[in-house]
Amino acid sequence: MADKKAKLTVDGLDEALELPVYEGTVGPDVIDVRSLVAKGKFTYDPGFVSTASCESKITYIDGGAGILLHRGYPIEQLAENSDFLETSYLLLHGELPTQEEKDKFVNTITHHTMVHEQLAQFFKGFRRDAHPMAVMIGVVGALSAFYHDSLDINDARHREIAAHRLIAKMPTLAAMVYKYNIGQPFMYPRNDLGYSENFLHMMFNTPCEEKEVNPVLARAMDKIFLLHADHEQNASTSTVRMAGSTGANPYACIASGIAALWGPAHGGANEAVLRMLDEIGDETQIDKYLAKAKDKNDPFRLMGFGHRVYKSYDPRATVMKKTCDEVLAELGLEDDPQLKMAMKLEKIALEDEYFKSRGLYPNVDFYSGIILKAIGIPTELFTVIFATGRTPGWIAHWNEMLANDYRIARPRQLYTGYAKRDYPKK
Ligand code: CMC
């Protein structure tokens, strides 16, 4: 596998260490440092800035060039020609489905959207004003208690059933969280509706009044799910892999991914963008807040800007911006003052030397929050939408790991605490 080698000289070791270097299909070579432990050495890489934690065939990102490929297909082409469920199939199976395979997959997902009636009782244990992500972590984890028939993680068919159940039930649970928050009855999913249409139906219809879902909004919703479907080894996906490496069941693993996604540096950013826009208030305050974002002594950051990997632009943001324009035009919201301010903020930041020199561009969350707000999704639910979209990616990575050789994830550390010392004598 490795024709190339790297040589590492370490003070205190007699000989230079020869380390294998592996080439991926595209992207940087990786140096295999696994033999270091036998020499009593560890590598040090907090935040995994230079560390490949696994081998994967699912998603490739070239952050410098702004490229995102799922199973080789550019995200822009998938956004234009595919839909969320087809992209989910692609992530899970490695190839685009034939029409017959797609119909079967869509049918299977559609017929798994309903949740066990008993699960509805779980919601009552939460305060009505609980944060939707808190409820999602609880109810998705609780799914483990309902599917004893398919929890053998070493059985590929069981893993497939879990994947179908999770992708199918996430929008149902997301809508239930919202309905519980606002005190309306839960809406059952409808098998005659598409995935994203069904989600908007469960969100905004009531048993008293069932309106047709606006197809422009359903398409925008589907695009949001699709654009979030996977993003290689990000914090939540790595969390799912790490939890999965212990042999934990798929529902517990996805619940751990949801928990990791919640933070404002990751999926919580779409919610944080809207809160930031509220805080800025109006256009006259933009300069003040940009100065705060640039001040190292001020914790304020421009939410929806910057990315660990993308340093030129986020290709998802480009598609999202187009969808944003379509949704605002459909709803006649082009003149909404907050949205206008967001666009002005974006323009000023993009021309500012601080942001330019650091490669800080709007990321997917800058526009997704604006679209979701326009659709009528409450801010607190934004990260739940991200979690719903990311579920096929999480489950594809979990499945890829389990289908191949893996070991429990167990990082080491640079210990800088006390060496051994004795408990004081009394
Ligand atoms: N506002 C102001 N300054 C920033 C920002 C920002 N949003 N992001 C990065 N910087 C500065 C940072 O202070 C640092 O400056 P310096 O080199 O002078 O110390 C430099 O840019 C590099 O930033 P970093 O924190 O070292 O970069 P990172 O890769 O560790 O962090 C990030 C990436 C996404 C956590 C960060 O850019 C950020 O906090 N952005 C805002 C939150 C956000 O929008 N997150 C959503 C990411 S996209 C969705 C997802 O994939 O989860």
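When a ligand or atom number is given, it counts from 1 through the structure's own listing order. Predicted, not measured: the structure shown is a model, and the values here were computed from it.
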Between Arg71 and Glu95, is there a donor-acceptor pair closer than 3.5 Å when you use the side chain of the first and the backbone of the second?
-> no

Please list, chain by chain and in numerical order, all residues satisfying side chain to side chain contact (heavy atoms under 4.5 Å, CB included) with Thr323, sequence neighbours excluded.
-> Ala220, Lys223, Val319, Val327, Ile371

Closest non-hydrogen protein atom to atom 42 (C) of ligand 1, residue and atom name please, with distance?
-> Met303 CE, 3.3 Å

Would you say the side-chain atoms of Asn270 pair up with the backbone N or O of Phe382, donor to acceptor, closer than 3.5 Å?
-> yes

Any ion pair linking Lys294 and Asp352 (charged N to carboxylate O, less than 4.0 Å)?
-> yes

Would you please determine whether Phe300 falls within less than 4.0 Å of ligand 1 on a heavy-atom basis?
-> no

Considering only the protein, which heavy-atom contact is closest to atom 13 (O) of ligand 1, and what is its distance?
-> Lys296 NZ, 2.9 Å

Please determine if Leu360 has a nitrogen or oxygen closer than 3.5 Å to a nitrogen or oxygen of ligand 1.
-> no

Heavy atoms only: which of Arg316, Arg358, Arg390 is nearest to atom 17 (O) of ligand 1?
-> Arg358

Between Lys292 and Asp287, is there a salt bridge with N-O shorter than 4.0 Å?
-> no

Atom indices of ligand 1, in the order listed, that fall short of 4.0 Å to a heavy atom of Ala269 | 43 (C), 44 (O), 45 (N), 46 (C)

Compute the centroid of each ring, for Tyr147 and then for Tyr251, and state whether the two points are separated by less than 6.0 Å.
-> yes

What do you reckon, does Gly304 have a nitrogen or oxygen under 3.5 Å from a nitrogen or oxygen of ligand 1?
-> yes

Is the closest N or O pair between His231 and ligand 1 shorter than 3.5 Å?
-> no

Starting from atom 25 (O) of ligand 1, which protein heavy atom do you reach first, and at what distance in Å?
-> Arg301 NH2, 2.9 Å

For Glu197 and Arg219, run salt bridge (charged side-chain N to carboxylate O under 4.0 Å, His left out): C-alpha distance rounded to whole Å, both residues' side-chain angles, the deciding distance at 0.1 Å, then the answer.
-> CA-CA 8 Å; Glu197 202 182 1; Arg219 262 200 310 279; over 6 Å; no

Would you call Arg157 and Asp155 a salt bridge, using N to O less than 4.0 angstrom?
-> no

To the nearest 0.1 Å, how far is atom 1 (N) of ligand 1 from its closest protein heavy atom, and which atom is that?
-> Leu302 N, 3.1 Å

Could you tell me if any non-hydrogen atom of Lys294 lies under 4.0 Å from any atom of ligand 1?
-> no

Any protein heavy atom lying closer than 4.0 Å to atom 33 (C) of ligand 1?
-> yes

Arg241 and Glu400 ion-paired at < 4.0 Å = yes

Of the protein's non-hydrogen atoms, which lies at the shortest distance from atom 48 (S) of ligand 1, and what is that distance?
-> His307 CD2, 3.4 Å

Does Asp365 have a heavy atom less than 4.0 Å from any atom of ligand 1?
-> yes

Between Glu279 and Arg275, is the closest basic N to carboxylate O distance under 4.0 Å?
-> no

What residue and heavy atom of the protein are closest to atom 28 (P) of ligand 1, and at what distance?
-> Arg308 NE, 3.6 Å

What protein heavy atom sits nearest atom 50 (C) of ligand 1, and how far off is it?
-> His266 ND1, 3.6 Å

In the protein, which heavy atom is nearest to atom 11 (C) of ligand 1, and how far is it?
-> Tyr354 OH, 3.4 Å

Quick one: are the ring centres of Tyr310 and His231 less than 6.0 Å apart?
-> yes

